S.K.: 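Below you will find the structure I want to go over with you.
The model shown is predicted, which means the values in this text are computed figures rather than measured ones. Naming convention: chains lettered A, B, ... in sequence-line order (proteins, then strands); numbering from 1 in each chain.
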There are 4 protein chains.
Amino acid sequence: MRDGSRTKELIAHTALHLFVEKGITETTIRDIAGAAGIAEGTLYRHYESKDQLAWELFSTNYLDFARELDRLQEEYETLKDKLTAMIRQFCAFFDRDPVLFSYLLLAQHAQLKKVTPEMETAVTVLQKVIAQGMARREVPEMEVELAAAMVLGVVLEVAIFKAYSRITQELSQLSETLTAACWRVLTGGGIS
Amino acid sequence: MRDGSRTKELIAHTALHLFVEKGITETTIRDIAGAAGIAEGTLYRHYESKDQLAWELFSTNYLDFARELDRLQEEYETLKDKLTAMIRQFCAFFDRDPVLFSYLLLAQHAQLKKVTPEMETAVTVLQKVIAQGMARREVPEMEVELAAAMVLGVVLEVAIFKAYSRITQELSQLSETLTAACWRVLTGGGIS
Amino acid sequence: MRDGSRTKELIAHTALHLFVEKGITETTIRDIAGAAGIAEGTLYRHYESKDQLAWELFSTNYLDFARELDRLQEEYETLKDKLTAMIRQFCAFFDRDPVLFSYLLLAQHAQLKKVTPEMETAVTVLQKVIAQGMARREVPEMEVELAAAMVLGVVLEVAIFKAYSRITQELSQLSETLTAACWRVLTGGGIS
Amino acid sequence: MRDGSRTKELIAHTALHLFVEKGITETTIRDIAGAAGIAEGTLYRHYESKDQLAWELFSTNYLDFARELDRLQEEYETLKDKLTAMIRQFCAFFDRDPVLFSYLLLAQHAQLKKVTPEMETAVTVLQKVIAQGMARREVPEMEVELAAAMVLGVVLEVAIFKAYSRITQELSQLSETLTAACWRVLTGGGIS
DNA sequence: TATGAATGAGACTTCATTCAT
DNA sequence: CATGAATGAAGTCTCATTCAT
């Protein structure tokens with residue numbers, strides 16, 4: 001009652017889980033309020049609308065993660081080190097909060113329309129890093145977008161498999177395997 | 001009756017596009033009827049419900065594609081040939097109807113719950129093929145699910161990039177590049 | 001079911017009465033639907049929203065009445081004849097549908113904001129007619145708006161008294177009395 | 001306590017303006033609190049409810065004004081003098097606080113239901129005064145309610161025009177003109 | 001007295017679905 | 001088979017009011 005920000009976090013947490021479980025549109029305000037143990041109207045003291053709640057949940061984490069990745073890659077010199085660190089970070093992020101990851105994944109299609117091109121995302125960071133690596137002759141030249149797509153695909157799809165429990169190990173345990181695979185994708189089959 | 005089945009296809013086609021454009025839940029029966037130039041009630045002559053329409057659109061194509069892949073892989077002996085053919089097929093499928101591909105992608109989250117484990121999907125086919133390849137010592141042993149995830153990721157994410165116009169080439173033109181990348185992922189960096 | 005326009009009229013009629021009885025904001029969609037014997041959703045097949053219903057009810061009749069008055073005044077030459085006819089018409093309008101009149105009165109404050117200046121209203125017609133009468137030297141010069149206000153006030157307030165049952169006679173029976181009073185207001189007390 | 005009554009007046013003042021600007025139902029407690037710079041709950045320290053606030057605003061001023069008029073008319077002997085004084089007073093009232101006048105006007109429809117017949121209003125005072133004038137043979141006999149309606153209409157509608165800025169002069173400047181017009185209405189066109 | 005987070009009834013509106021024509 | 005007006009359950013959101021601080 002005194003601490004409104006606690007309520008806001010409670011709503012965010014509850015909504016995130018329900019969104020992932022049932023889908024955003026399929027989750028009703030009543031669902032969220034009920035699960036959070038608050039009144040329906042209370043939600044609107046903290047979020048303007050359901051859409052805005054979904055967007056805030058998405059943008060905050062999506063953009064924050066990109067910033068985190070960018071800060072991280074700057075600490076390293078080579079593409080190989082950058083990539084290693086980024087994938088390690090990605091795995092840690094997933095393991096820390098798989099539900100959040102799932103949300104980012106499922107919300108993408110709807111929310112990405114609101115992401116303006118100047119916003120930095122994990123994709124743009126990855127492309128930038130790969131482009132630099134090519135410029136440094138670390139890896140052979142190829143279309144940057146294609147390279148980024150393939151690298152991203154390797155990591156993302158494994159995470160998706162994990163989210164669907166098709167893979168059982170912690171993602172962090174696979175970090176090196178993923179890095180190696182990505183590196184092979186980028187280096188075009190030369191000796192790693 | 002000929003006219004009737006034409007109407008059904010018209011509905012399917014229109015719905016598919018609207019579903020991709022706006023999302024399934026966000027697309028109303030009125031939207032579909034309006035865009036298809038038919039009355040709202042008419043849709044129910046051809047589909048039991050909106051859910052059933054969405055499901056039919058998904059299952060038909062999702063499962064058909066898996067069957068197609070399976071039939072194809074049987075024509076080849078080695079994993080490498082199987083993979084090459086499957087990826088070629090995947091790219092052709094995408095290029096033939098990118099909207100349909102987008103639909104399968106977006107419908108996944110909601111519809112996959114209705115896919116029973118015994119149904120054969122592209123994922124199961126891929127896993128089966130990879131498992132055989134490992135048994136045949138074509139590629140080194142590793143967790144099949146992990147291998148499948150990585151291979152799938154490479155191909156799928158490139159398709160997604162293409163769907164978002166982040167990549168401009170036709171997917172079929174990238175077929176060999178993708179196959180090579182997947183192969184490197186699987187073979188652990190040995191000489192291809 | 002076949003004739004949608006009948007339903008629309010039913011809604012209009014029901015809403016009008018409820019709006020007058022309870023006020024616009026105080027009347028709910030459920031009230032209207034219940035009183036009209038239709039489902040709540042049905043209202044939205046005929047009106048975009050409650051606001052639009054209130055506006056259509058207002059504008060149609062308000063503007064129509066002005067047009068009617070204008071057509072009428074054109075049939076006469078002198079201000080006196082025009083005024084006589086207009087007041088007679090006003091009284092007939094009131095007697096024909098007192099509820100409609102009450103609605104126009106009560107909706108004014110909220111709806112008049114949406115009336116653009118170029119729209120012709122009873123007020124503008126009255127001002128025009130009085131201005132012409134002054135130009136023709138039928139009545140002494142004075143500020144047109146002031147003259148119009150006073151004439152309108154005489155007629156309108158009597159109608160309001162009637163609407164509140166403070167006056168019991170039919171308005172049409174008072175038509176001549178009102179005309180005479182208005183004329184005295186305009187002519188500044190000279191011999192009529 | 002001094003501070004408290006100041007807060008109450010602040011609320012009254014703020015609410016009055018918002019009520020006129022947006023309508024009573026359309027004005028929320030939050031609107032009022034926000035505009036007055038107080039918390040939402042504070043309003044309830046001074047008024048039982050929003051309805052009671054609206055009613056107090058109305059009844060106080062509406063009834064006070066009637067009392068004022070009544071006291072005033074008693075100071076004069078003849079209808080003509082009474083009327084002159086009352087109209088002068090009305091104009092002064094309007095010019096002093098046009099927003100308050102607008103509020104009384106717009107609140108009428110909703111609040112008048114709560115006005116019991118024994119309460120003295122401006123209308124009853126006017127009727128009483130006119131009835132006396134007729135009894136004194138100052139003006140010809142006619143239905144008192146009708147006479148009152150017409151006189152009231154002249155004055156009220158001019159005020160309304162002024163409130164809508166269709167008339168620009170101060171109402172007090174029109175006081176004599178209005179009195180003369182009303183007199184002509186009452187005297188049936190005889191010599192003023 | 002003042003605050004403002006919380007409440008919850010209820011308002012408006014949407015939309016999948018039905019059915020008489 | 002086609003139509004489209006009608007339905008009514010359910011969803012989102014508002015807002016007067018309460019109450020712990």
S.K.: For the pair made of CD1 in Ile24(D) and P in dC15(F), what is the distance, rounded to whole Å?
M.R.: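 Distance check: Ile24(D) CD1 to dC15(F) P gives 15 Å.
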S.K.: If you check every side-chain atom of Thr28(C), which of dT7(E), dC12(E), dA2(F) has the closest atom?
M.R.: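 Output: dC12(E).
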S.K.: Specify the separation, in whole Å, of atom NZ of Lys22(B) and atom P of dT14(E).
M.R.: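 In whole Å, dT14(E) P lies 12 Å from Lys22(B) NZ.
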S.K.: Per the ring-ring contact (aromatic ring centres under 6.0 Å, His included) rule, which among Tyr103(D), Phe65(D), Phe101(D) passes with Phe94(D)?
M.R.: Phe101(D)
S.K.: Distance criterion of 3.5 Å, no angle test: do you see the side chain of Glu40(A) paired donor-to-acceptor with the base of dC13(F)?
M.R.: yes
S.K.: Atom CG in Leu104(D), atom CG in Leu112(D): separation rounded to 0.5 Å?
M.R.: 10.5 Å
S.K.: Assess whether salt bridge (Lys or Arg N to Asp or Glu O under 4.0 Å) is satisfied between Lys113(A) and Glu26(B), documenting all intermediate values.
M.R.: CA-CA 15 Å; Lys113(A) 296 167 190 167; Glu26(B) 290 69 24; over 6 Å; no
S.K.: Can you tell me if the side-chain N/O atoms of Thr7(A) get under 4.0 Å from OP1 or OP2 in dA5(E)?
M.R.: no
S.K.: I want to confirm an ordering. Mapping Thr42(B) and Thr27(D) to their closest nucleotides on DNA chain F, which one lands closer to the 5' end?
M.R.: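 Between the two, 5'-proximity favours Thr42(B).
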S.K.: Choose from dC15(E), dT3(F), dT12(F) the nucleotide whose nearest atom is closest to any side-chain atom of Arg45(B).
M.R.: dT3(F)
S.K.: Could you give the CG-to-C1' distance, from Asp51(D) to dC15(F), as a whole number of Å?
M.R.: 13 Å
S.K.: Could you state the atom-to-atom distance from NZ of Lys8(D) to P of dT1(E) in whole Å?
M.R.: 10 Å
S.K.: Using salt bridge (Lys or Arg N to Asp or Glu O under 4.0 Å) as the criterion, list what pairs up with Glu48(A), not counting sequence neighbours.
M.R.: none
S.K.: How long is the line joining CD1 of Ile29(A) and C1' of dG10(E), in whole Å?
M.R.: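 For the pair Ile29(A) CD1 and dG10(E) C1', the rounded distance is 16 Å.
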S.K.: Could you state the atom-to-atom distance from CD of Glu26(B) to P of dT12(F) in whole Å?
M.R.: 12 Å
S.K.: So what is the end-to-end bend of the helix from dA2(E)-dT21(F) to dT21(E)-dA2(F), with 5 pairs used at each end and the value given to 10 degrees?
M.R.: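 Axis-to-axis angle, ends of the helix: 0°.
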S.K.: Roughly how far apart are Trp55(A) CH2 and Tyr62(A) OH, rounded to 0.5 Å?
M.R.: 10.0 Å
S.K.: Can you tell which of dT3(E), dT17(F), dC12(E) lies closest to the side chain of Lys50(D)?
M.R.: dT17(F)
S.K.: What is the nucleic acid contact for Thr25(C), judged by heavy atoms within less than 4.0 Å: base, sugar-phosphate only, or nothing?
M.R.: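 Thr25(C): no heavy atom of the nucleic acid under 4.0 Å.
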S.K.: By nearest atom, which of the nucleotides dT12(F), dT17(E), dT17(F) is closest to the Tyr44(D) side chain?
M.R.: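 Shortest atom-to-atom distance from the side chain points to dT17(F).
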S.K.: Can you check the Ile32(B) CD1 to dC15(E) P distance for me, whole Å?
M.R.: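 Ile32(B) atom CD1 is separated from dC15(E) atom P by 12 Å.
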S.K.: Taking the side chain of His46(C) as heavy atoms from C-beta outward, which of dT12(F), dA6(F), dT3(E) is closest to it?
M.R.: dA6(F)
S.K.: Which whole-number value in Å describes the distance from Leu43(A) CG to dG8(E) P?
M.R.: 15 Å
S.K.: With a cut-off of 3.5 Å and sequence neighbours excluded, list every side-chain donor-acceptor pair involving residues 16-24 of chain C.
M.R.:
unit_1, atom_1, unit_2, atom_2, d
Lys22(C), NZ, Asp31(C), OD2, 2.7

S.K.: On DNA chain E, check which nucleotide each of Arg30(D) and Glu48(C) is closest to and give me the residue with the more 5' one.
M.R.: Arg30(D)
S.K.: Under a 4.5 Å cut-off applied to non-hydrogen side-chain atoms, are Glu56(B) and His46(B) in contact?
M.R.: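 They are not in side-chain contact.
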S.K.: Which of the following nucleotides, dC13(F), dA6(F), dT3(E), is nearest to the side chain of Ser49(A)?
M.R.: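 It is dC13(F).
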S.K.: How long is the span from the CD1 atom in Ile32(D) to the CG atom in Leu43(D), to the nearest 0.5 Å?
M.R.: 6.0 Å
